[in-house]
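Step one of this worksheet: look at the structure below.
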Amino acid sequence: MAFEDNQQLTRIFEEIADFLELQGENIFKVKAYQKAARGLEGLERSVCELYSSGQLASMPGFGKALVEKVGQFVDTGQVELHQQLKASFPSEILQLMDVPGLGAKKAALLHRELGIGSVDDLEKALKEGLVTDLKGFGKKTVDKLLEGIGLLRQGEQRWLLGRVSQLAEDLLSRLRALPEVERAEAAGSLRRGKETVGDLDLLVISSRPEVVMEFFASLGEVIGRGPTKCSIRWEGKFQIDLRCVPGESFGAAMQYFTGSMDHNVALRGRAKRLSCELNEYGLFDALGNNLASRSEEEIYERLGLPWIPPELRETGAELEWERLPERLQLEQLNGNLHTHSLWSDGTDTLEQLAEEAQRRGYRYLAITDHSRSMVVANGLSIERLMAQGQQIERLNASFSNGFRLLWGSEVDILGDGSLDFPEEVLARLDFVVVAVHSQFSMTPEAMTERICRGISHPYVDVLAHPTGRKINRRTGYQADWERVYAVASEHGVALEINCSPRRLDLNDKAARRARDCGCMISLGTDAHSLAEFDYLPLGVLQARRAGIEVGSLLNGLSWEQLRKRRARLVDV
DNA sequence: GCCGTTTTCGGCCCGACTGTTTTCAGTCG
């Protein structure tokens with residue numbers, strides 16, 4: 001399938017970049033392969049398809065040489081240069097550069113002088129003192145590399161957005177409590193709303209950085225510490241960087257440390273073409289005069305750009321967009337369209353859920369407990385579903401403020417594509433999400449048929465967690481997603497962005513593609529408890545990253561509009 | 001290897017911190 005090809009080629013380009021760097025090749029050539037790899041990663045089209053249709057050359061970073069290498073991959077499944085490079089190095093050498101503190105230069109030196117070709121070789125050489133004659137390998141370096149090998153073997157992954165959000169809020173409130181701290185904010189990939197975060201970047205305005213550094217260093221194991229910058233390891237695993245800047249460069253620092261790297265490179269390139277220089281202290285003209293630095297807005301403005309929201313700062317291409325999407329706001333959502341109650345595997349009663357939803361200002365809440373096949377999740381029989389409907393009806397009669405519970409269900413798409421409740425039952429409900437919960441390892445062709453059949457039934461509103469992936473845990477099932485989007489669009493079925501931090505499914509790029517294929521998007525927390533209502537903002541972030549505006553969101557509709565849409569009475 | 005509102009050649013983001021350096025290279029983000 002398309003995604004596997006993209007992933008394979010991404011890996012190949014990354015490895016070519018690493019090999020070239022080891023060889024001491026021109027660093028910009030290395031960067032060209034790295035950039036191409038990033039471009040392919042998560043591309044929502046098949047790279048082979050793009051190549052065959054001649055569209056690849058218009059992708060930024062793909063010039064003549066790289067397009068030709070994609071061609072080799074399409075024809076043979078391999079890239080010649082990659083094969084040559086692989087043959088000229090030990091098979092495990094690239095893992096050396098995964099050791100924190102060890103870059104290409106030192107790895108190449110180790111290989112050239114001592115024949116070290118793997119992390120195991122390195123560990124042995126370090127312990128036996130074989131490296132001490134090499135230039136640049138003092139005692140501290142040896143200790144640091146041994147520690148780095150330990151960290152690498154822990155195999156720590158990027159942390160989930162939800163987890164890092166909470167950690168950041170906690171740390172920021174502690175920093176803000178210091179009298180020496182004027183302002184503290186999170187930057188980096190957390191601010192951009194990436195689904196996982198590799199390290200946390202915090203930014204502080206203070207006229208007394210030494211006090212802030214002292215406090216911060218006490219929070220974890222110190223990796224590095226200077227007058228204005230300190231890095232610690234949180235719980236022995238997760239890196240947190242703190243930078244202290246003066247108030248007048250706060251905007252420039254936020255811009256710089258929010259990234260992404262590609263966005264910053266593009267922005268600095270633009271500054272350079274305007275004979276300016278942009279760094280984390282500000283935007284300066286050729287004479288060194290400060291043109292803008294206090295706020296991000298003025299920096300973008302001086303560069304002739306609108307302020308670009310952090311969630312869209314990814315590839316750098318966003319600088320050239322004719323129009324930025326209208327930034328989705330949490331307040332534009334009228335409700336949450338995927339929740340579970342005590343009736344199946346949730347922890348709260350319908351009354352509690354309704355109360356919490358109203359407290360949060362929702363106009364409606366869809367109760368979507370599991371259908372009967374989900375025995376492990378206490379799925380509802382038809383009889384229990386009907387009884388639940390009666391209770392919901394009574395509750396709705398008791399609300400005087402126009403709030404409404406939607407009587408819904410999360411209905412299993414069974415192995416053959418049929419649904420877990422008969423049509424006459426589905427017809428009675430207010431809202432139906434369908435989902436795959438079993439037999440994940442079907443062939444892509446069979447899975448595509450199954451899902452397409454599932455969403456072709458009448459009375460289906462949403463395909464929930466469409467790919468079934470769980471971040472850092474499982475990749476999700478394979479299917480022809482272009483086909484799924486087409487069928488969903490044809491039948492007016494929305495695709496969900498499941499807001500659970502463990503899922504975020506669809507992801508940002510897939511959601512953008514689904515929207516471009518004509519699908520509506522639905523945000524649902526899949527909450528099994530009241531606290532999980534907090535997941536909705538995570539879904540909003542992903543929707544923003546996908547450039548989705550409120551007009552493409554089911555949650556932007558009133559419940560009356562949802563009902564009419566369900567009855568296919570109006571075309572929304 | 002890519003790219004072009006100074007350019008088809010000569011640029012390519014740039015600064016903090018570390019360790020071993022005796023003035024700076026390597027790593028990182």
Side-chain angles (χ1 to χ4, degrees), chain A residues 13 16-17 20-21 24-39 56-70 79 81 96-110 131-145 147-148 187-190 192 197-203 209 213 222-232 239-245 249 252-253 255-284 286 303-304 316 320:
Chain A
F13 281 171
I16 289 178
L20 292 177
E21 200 179 1
E25 187 50 89
N26 178 346
I27 192 65
F28 296 105
K29 192 185 216 179
V30 172
K31 283 174 189 286
Y33 279 99
Q34 286 170 345
K35 187 177 176 188
R38 283 198 301 275
L56 189 63
S58 58
M59 251 180 79
F62 284 82
K64 194 161 163 252
L66 278 166
V67 170
E68 194 237 310
K69 286 181 175 64
V70 174
V79 175
L81 174 63
L96 277 182
M97 289 193 286
D98 292 334
V99 177
L102 192 60
K105 294 274 170 57
K106 284 190 165 139
L109 186 69
L110 288 165
V131 302
T132 42
D133 290 340
L134 296 184
K135 193 174 170 214
F137 285 82
K139 181 170 185 322
K140 283 194 174 176
T141 300
V142 168
D143 290 346
K144 203 168 185 173
L145 289 177
E147 193 193 342
S189 49
L190 171 67
R192 301 202 311 278
V197 179
D199 56 31
L200 174 57
D201 294 297
L202 301 177
L203 221 54
M213 290 297 142
V222 175
I223 304 169
R225 183 176 170 182
T228 62
K229 179 181 171 181
C230 182
S231 298
I232 63 170
Q239 184 168 335
I240 309 176
D241 298 332
L242 180 105
R243 280 289 282 265
C244 258
V245 297
S249 25
Q255 196 291 310
Y256 179 76
F257 290 105
T258 296
S260 70
M261 188 179 73
D262 286 337
H263 178 87
N264 285 358
V265 167
L267 201 63
R268 285 174 182 220
R270 188 183 182 91
K272 201 147 228 174
R273 284 195 298 279
L274 296 169
S275 303
C276 296
E277 189 187 340
L278 180 64
N279 59 30
E280 62 252 58
Y281 299 104
L283 178 67
F284 302 93
L303 291 170
E320 312 300 330

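Note on naming: letters A, B, ... go to the chains in the order of the sequence lines (proteins, then strands), and numbering restarts at 1 for each one. Quick caveat, the model's predicted, so the values are computed rather than measured.
Ring-plane geometry between A:Tyr33 and A:Phe13 is classed as perpendicular, the angle between the planes exceeding 60 degrees on a 0 to 90 degree scale with a lower cut at 30.
The backbone N or O of A:Ala252 lies less than 3.5 Å from no partner atom in the side chain of A:Ser249, so there is not a single donor-acceptor pair. Remark: the backbone N or O of A:Gly316 is not paired with any side-chain donor or acceptor of A:Asp262 at under 3.5 angstrom.
For the pair A:Lys29 NZ and B:dC2 P, the interatomic distance rounds to 10 Å; values are reported in whole Å. One can place CG of A:Leu274 at 10 Å from C1' of B:dT5, the figure rounded to the nearest angstrom. What separates CD1 of A:Ile27 from C1' of B:dC2 is a distance of 15 Å, to the nearest Å. Per the geometry, CG belonging to A:Leu20 stands 10 Å off C1' belonging to B:dG1, to the nearest Å. Here B:dG29 presents its C1' atom at 17 Å from CG of A:Leu267, a figure rounded to the nearest Å. If you measure from atom CZ of A:Arg38 to atom P of B:dG29, you get 14 Å, rounded to the nearest angstrom. We find that CG of A:Leu134 is positioned 13 Å from P of B:dG26, with the value rounded to whole Å. When the P atom of B:dG1 is taken as reference, atom CD of A:Glu25 falls 7 Å away, rounded to whole Å.
Taking the P atom of each, B:dG26 and B:dT20 are spaced 14 Å apart, rounded to whole Å. Straight-line distance between the C1' atoms of B:dG1 and B:dT5: roughly 23 Å, to the nearest whole Å. One C1' atom belongs to B:dC28, the other to B:dC13, and the distance between them is 14 Å to the nearest Å. For B:dA16 and B:dT22, the P atoms lie 23 Å apart once the distance is rounded to whole Å.
Not one side-chain nitrogen or oxygen of A:Lys106 sits closer than 4.0 Å to the OP1 or OP2 atom of B:dG26.
For the pair A:Thr141/A:Lys106, a side-chain contact is recorded, criterion being any heavy-atom separation below 4.5 Å from C-beta on.
The heavy-atom pair separating A:Pro100 from A:Gly148 by the smallest distance is CD-O, 3.4 Å.
Residue contacts for A:Ala104: at a heavy-atom cut-off of 4.0 Å it reaches the sugar-phosphate backbone alone, with no base atom in range. Contacts of A:Lys35 with the nucleic acid, taken as non-hydrogen atoms under 4.0 Å apart, are absent.
Residue order along DNA chain B, read from the 5' end via each residue's closest nucleotide, puts A:Leu66 first among A:Asp201 and A:Leu66.
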Do nucleotides 12-22 of chain B as a string where each nucleotide becomes B, S or -: B if the base has a protein heavy atom under 4.0 Å, S if just the sugar-phosphate does, - if no protein is that close.
-> BBBSSSSSS--

